[in-house]
Amino acid sequence: MSMHKLIVAAMWAGVISLDFTACGPFMVSQPLVCGPLFGWLMNQAAVGVMIGGIVQLLWMDLSPVGVGIPYDATATTILAVYWATLPAHSALSQVVLALILAVPFGFFFRWLDQLARRMNTRLMHQVERLPDEQLAGALWLGIVGGITWSWVRYTLAYGLVFAFGQMAWNRFAYSPRLTPMDQGLTMAIILLPVAGMGVTLELFLSDNPRL
Amino acid sequence: MKTLALVRTFFRSFFLQALWNFERMQNIGFAFSMVPLLKRAHRSREAFSRALRRHCEYFNVHPYFAPIVMGVIFNKEKSLSETKRSEDPTLTVLKNTMGGAFGAVGDHVIWGTWRPFCAVMALSVGLLVGYPMANGGVQPTVFSDSGAILCAKWWVVGFLSMFNSIHIWLRWRGLQKAATDGPLVVRWVESLHLQKWAAQIRRVGLLFLFTMVLLYFARWTASEMLIWMVAVLLGSAILKRWRLSTFVIFYLVFGVSVVMTTLGIHRPC
């Protein structure tokens, strides 16, 4: 994928991720929404549907409760869709491989979010420092600054991680072969939604959902 | 005039968490959202500035319940202005108490129940309409473009419209009621029977989940494959109950898939 496409993809990923906290949230960042949307943007909606559905079911119980920042399933979905759509027509095993590569980055994006919220504390103090008569205007600037900062950091992070994965993908040059590993990867696309259903089943069966 | 201020606060409340920070959480977003209502409550510039500064302190609530707290605070600020008092020590206590209580309700009802329910419903309907069984129900059509597009429409439009209908209604109606009733809005929230509804919704959600499981499992006819699928379903539910991370479950499933293919259980399509 060309550099231009990578930048455009990262910018869209940044827009989708704004829904995580900065705007709304209207749940556009939920994997079952952002997966198909991003897949459609990458011209492979089917890949987005598969990845979005699997990630949604597996990480159904994620919630931003109190100061706790949950695992970033949005990032996992977007990264997996991007890498899986690198070949013109992805095989099922390549979709799973992209997902395997993307899953650890959910923790990386969570860490980035924690870092960004520490930065927000500084921004908040800047806003508060202003005199009373300028406070209303400063709040406007603070909110606009917060949204811009969120978008910029997400776009940069996605751009860098997209590029890193793309390099790894190209170096690995994985192509589907009739090996047990390839068949295992293909089998995983059937079993991962089943595991997700199991996770969701536990969520619905528990009286007090663990949040 | 009041409706206009309420509308402006309603739209501003969507940016409540734009500057979320570990020290005072949603303070800036709350103060930002309150600007139109505070301007309406306090006629003098000094009183408005003082009130705005007051609301820059710590605040945290479930974002969908924040407009209710905003409405209550507007109501209290208005009475503060009418009685010509400059400070009310109970205001902060009220704000934080409501924040804590609505935070807990929102986490349980919205994050823990309504969102998973909408997701499961959209997923099962999408699976039903998007992936019909081809060739008389023998071959699963996991990777067809037309099916995926149909499925995506149901997931995106179905999920978003269903989830946000309640979300937007709760925000707007809550703000309106709270601005009129003040702290007595808790009676209105109580009358919604959210906890009772949540329990019912979870039961219906379970039904949709079982439908989804049946729809998905019906695509595979080989008994050997079905046994493995049931094992994975129950295994992941048990592992989750034992508080094992989904991250671990994900890689375990991948391991199971490799073992299955090594044992010669291949994908039947």
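Reminder, nothing fancy here: chain letters follow the sequence lines and each chain counts from 1. Hydrogens, waters and symmetry mates are skipped; everything else that's a heavy atom, side chains included, is used.
Side-chain contact between A:P36 and B:W154 is absent, with no heavy atoms from C-beta onward closer than 4.5 Å. Using a 4.5 Å cut-off on side-chain heavy atoms (C-beta onward), A:F204 and B:V120 make contact. Between B:L123 and A:M60, some side-chain heavy-atom pair lies under the 4.5 Å cut-off. Considering only heavy atoms from C-beta on, A:Q30 stays 4.5 Å or farther from B:L160 through its side chain. In this structure, B:F250 and A:I100 have side chains that are in contact, with non-hydrogen atoms separated by less than 4.5 Å. Using a 4.5 Å cut-off on side-chain heavy atoms (C-beta onward), B:C56 and A:L135 make contact.
Annotation: maximal heavy-atom pairing with chain A below 4.5 Å, among B:V256, B:N27, B:N60, occurs at B:N27. Among B:V35, B:V258, B:L206, the residue with the largest count of heavy-atom pairs under 4.5 Å with chain A is B:L206. Counting heavy-atom pairs closer than 4.5 Å to chain B, the top-ranked of the candidates A:L32, A:T21, A:T121 is A:L32. Top candidate by heavy-atom pairs under 4.5 Å with chain B, chosen from A:G24, A:A188, A:S150, is A:G24. Counting heavy-atom pairs under 4.5 Å between each of B:Q17, B:R53, B:E23 and chain A puts B:R53 at the top.
Only the side chain of B:F163 comes within less than 4.5 Å of a heavy atom in chain A; its backbone stays farther off. With a threshold of 4.5 angstrom between heavy atoms, B:I149 approaches chain A through side-chain atoms but not through N, CA, C or O. The contact between B:V213 and chain A is made by backbone and side chain atoms together, counting heavy-atom distances below 4.5 Å. Contact of B:L52 with chain A is made through backbone and side chain together, with heavy-atom distances under 4.5 Å. Using a 4.5 Å cut-off between heavy atoms, A:L99 touches chain B through backbone and side chain atoms alike. Heavy atoms of B:I110 lying under 4.5 Å from chain A are absent altogether. Contact of A:V194 with chain B is made through backbone and side chain together, with heavy-atom distances under 4.5 Å. With a threshold of 4.5 angstrom between heavy atoms, B:F22 approaches chain A through its backbone and through its side chain. Looking at A:L18, neither its backbone nor its side chain comes within 4.5 Å of chain B, counting heavy atoms on both sides. Only the side chain of B:R115 comes within less than 4.5 Å of a heavy atom of chain A; its backbone N, CA, C and O stay farther away.
Between B:H62 atom NE2 and A:S63 atom OG the span is 8.0 Å, to the nearest 0.5 Å. In this structure, CG on A:L62 lies 7.0 Å from OG1 on B:T246, to the nearest 0.5 angstrom. Distance check: B:L19 CG to A:R117 CZ gives 11.0 Å after rounding to the nearest 0.5 Å. The structure places CE of A:M197 at 10.0 Å from OG of B:S236, a figure rounded to the nearest 0.5 Å. Taken to the nearest 0.5 Å, the CZ atom of B:F210 stands 5.5 Å off from the CG atom of A:L201. Between the CE atom in A:M119 and the CG atom in B:N21 there is a gap of 12.0 Å [rounded to 0.5 Å].
By a heavy-atom distance cut of under 4.5 Å, A:I69 are the residues of residues 69-80 of chain A near chain B, going up by number. Applying a 4.5 Å heavy-atom cutoff, the residues of residues 104-115 of chain A that approach chain B are A:P104, A:F107, A:Q114. Interface with chain A: from residues 226-235 of chain B, residues B:M229, B:V232, B:L233 qualify, criterion being any non-hydrogen pair under 4.5 Å.
What you find for A:A195 and B:V253 is that their closest heavy atoms are CB-CG2, 3.5 Å. Closest approach of A:G184 and B:S257 over heavy atoms only: O-CB, 3.1 Å. In this structure, A:P25 and B:R171 approach most closely via the heavy-atom pair CD-NH2, 4.3 Å.
In this structure, B:Y216 contributes its side chain and A:P193 its backbone to no donor-acceptor pair below 3.5 Å. With hydrogens and angles disregarded, a donor-acceptor distance shorter than 3.5 Å links the side chain of A:N120 to the backbone of B:W20. Under a 3.5 Å cut-off, the side chain of B:R202 and the backbone N or O of A:L203 do form a donor-acceptor pair.
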B:W155 vs A:V33, side chain to side chain contact (heavy atoms under 4.5 Å, CB included): CA-CA, chis, key distance, verdict: CA-CA 6 Å; B:W155 287 7; A:V33 178; over 6 Å; no
Worked check of side chain to side chain contact (heavy atoms under 4.5 Å, CB included) between B:T262 and A:Q183: CA-CA 9 Å; B:T262 314; A:Q183 288 178 347; over 6 Å; no
Evaluation steps, side chain to side chain contact (heavy atoms under 4.5 Å, CB included), between A:D61 and B:K240: CA-CA 10 Å; A:D61 56 345; B:K240 198 66 197 169; 3.0 Å; yes
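For residues 123-144 of chain A, the set of pairs meeting the ring pair (Phe, Tyr, Trp, His ring centres under 6.0 Å) definition, not counting sequence neighbours, comprises A:W140-B:F32.
Taking 4.0 Å as the cut-off between side-chain N and carboxylate O, B:R45 and A:D132 do not count as a salt-bridged pair. Note on A:E128 versus B:R24: salt bridge recorded, some NZ/NE/NH1/NH2 to OD/OE distance being below 4.0 Å.
Under a cut-off of 6.0 angstrom, the local environment of CZ in B:F11 is sparse, with at most 12 non-hydrogen atoms contributed by other residues, nucleotides or ligands. Counting non-hydrogen atoms of neighbouring residues, nucleotides and ligands closer than 6.0 angstrom, the CZ atom of B:R8 reaches no more than 12 such neighbours.
Between A:F26 and B:F14, the ring center distance clears the sub-6.0 Å criterion.
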